[in-house]
Visitor: 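Just dropping this structure here.
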Amino acid sequence: MSESFREPCPWRIVDDSGGAFTMGVIGGGIFQAVKGFRNAPSGMSHRMRGSLTAIKTRAPKLGGSFAVWGGLFSMIDCSLMKIRGKEDPWNLITSGAMTGAILAARNGPVAMIGSAAMGGILLALIEGSGLLLVRTASLQFPTGPQFAEDPTSPFGDHKQYH
């Protein structure tokens, strides 16, 4: 789903990397807090200390992983926009597939193909649901607002009322 309120391309990479880092740190922090609490020895002070230790050790790493994914995704998206000359859902789907493939490159070609397929499918589902949501919302108001200047509007001709 192309968003017209996004930053221009050089800044979009930094913006998306920072946003992905923040999501990774917050989401990872919550997940690690629960995991650290559950895996700590019994006793509230041990569990709280275990929770805090898990957050401090794992949340920044998860945030960094998310930031790498977000930055690489944005760089590929910006490159595709420059090459193709337009911003459409195909750029995002291709960016997701290419990001998945690049990040799985160390695990071999089979892993790259699987990760590319998952990245492309995930982004296609996200883009498809966004387009479906926009289409559904636009069907609620099929004719749009009627303006006074509209010649087809029954209220558009002010001369007959003066």
Visitor: State, to 0.1 Å, how close Ser115 and Ala104 come at their nearest heavy-atom pair, and which atoms those are.
Guide: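 Heavy atoms of Ser115 and Ala104 come nearest at OG-CB, 3.4 Å.
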Visitor: May I ask you to decide if Arg135's main-chain N or O and Ser138's side chain share a donor-acceptor pair within less than 3.5 Å?
Guide: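 Side chain of Ser138 to backbone of Arg135: a pair is present.
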Visitor: Once you round to the nearest 0.5 Å, how far does CG of Leu122 lie from OG1 of Thr99?
Guide: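 Leu122 atom CG to Thr99 atom OG1 measures 11.0 Å (nearest 0.5 Å).
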Visitor: Is it possible for you to say whether Met23 and Phe73 belong to one hydrophobic cluster, with membership spreading through side-chain heavy-atom contacts below 4.5 Å?
Guide: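 Not linked; separate clusters.
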Visitor: Going by heavy atoms in the side chains, are Leu80 and Ser95 under 4.5 Å from each other?
Guide: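 Yes, side chains in contact.
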Visitor: Answer yes or no: is there a side-chain heavy-atom contact under 4.5 Å between Cys9 and Met81?
Guide: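 A side-chain contact under 4.5 Å exists here.
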Visitor: Measuring from atom CZ of Arg47 to atom CG of Asn39, what distance do you get when rounded to the nearest 0.5 angstrom?
Guide: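 It comes to 9.0 Å.
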Visitor: Can Leu72 be reached from Met98 by stepping across I, L, V, M, F, W or Y side chains whose heavy atoms are under 4.5 Å apart?
Guide: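 Same hydrophobic cluster.
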Visitor: Starting at CG of Asp16, measure out to CZ of Phe66 and round the result to the nearest 0.5 Å.
Guide: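 Those atoms lie 14.0 Å apart.
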Visitor: Look at the side-chain heavy atoms of Ile, Leu, Val, Met, Phe, Trp and Tyr, link any pair under 4.5 Å apart, and say whether Ile102 and Trp69 land in one connected group.
Guide: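 Yes; tracing contacts between hydrophobic side chains, which count when under 4.5 Å, links both residues.
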Visitor: Do you know the tightest heavy-atom contact between Ala54 and Gly36?
Guide: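 Reported closest heavy-atom pair: CB-CA, 3.8 Å.
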Visitor: Find the distance between CG (Leu62) and CD1 (Ile55) and round it off to the nearest 0.5 Å.
Guide: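 These two atoms lie 11.5 Å from each other.
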Visitor: How far does CD1 of Ile93 sit from CD1 of Ile126, to the nearest 0.5 angstrom?
Guide: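 Result: 10.0 Å between the selected atoms.
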Visitor: Indicate if Met112 and Leu123 have the same hydrophobic cluster label, given that clusters are the connected sets of ILVMFWY residues with side-chain heavy-atom separations under 4.5 angstrom.
Guide: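 Not linked; separate clusters.
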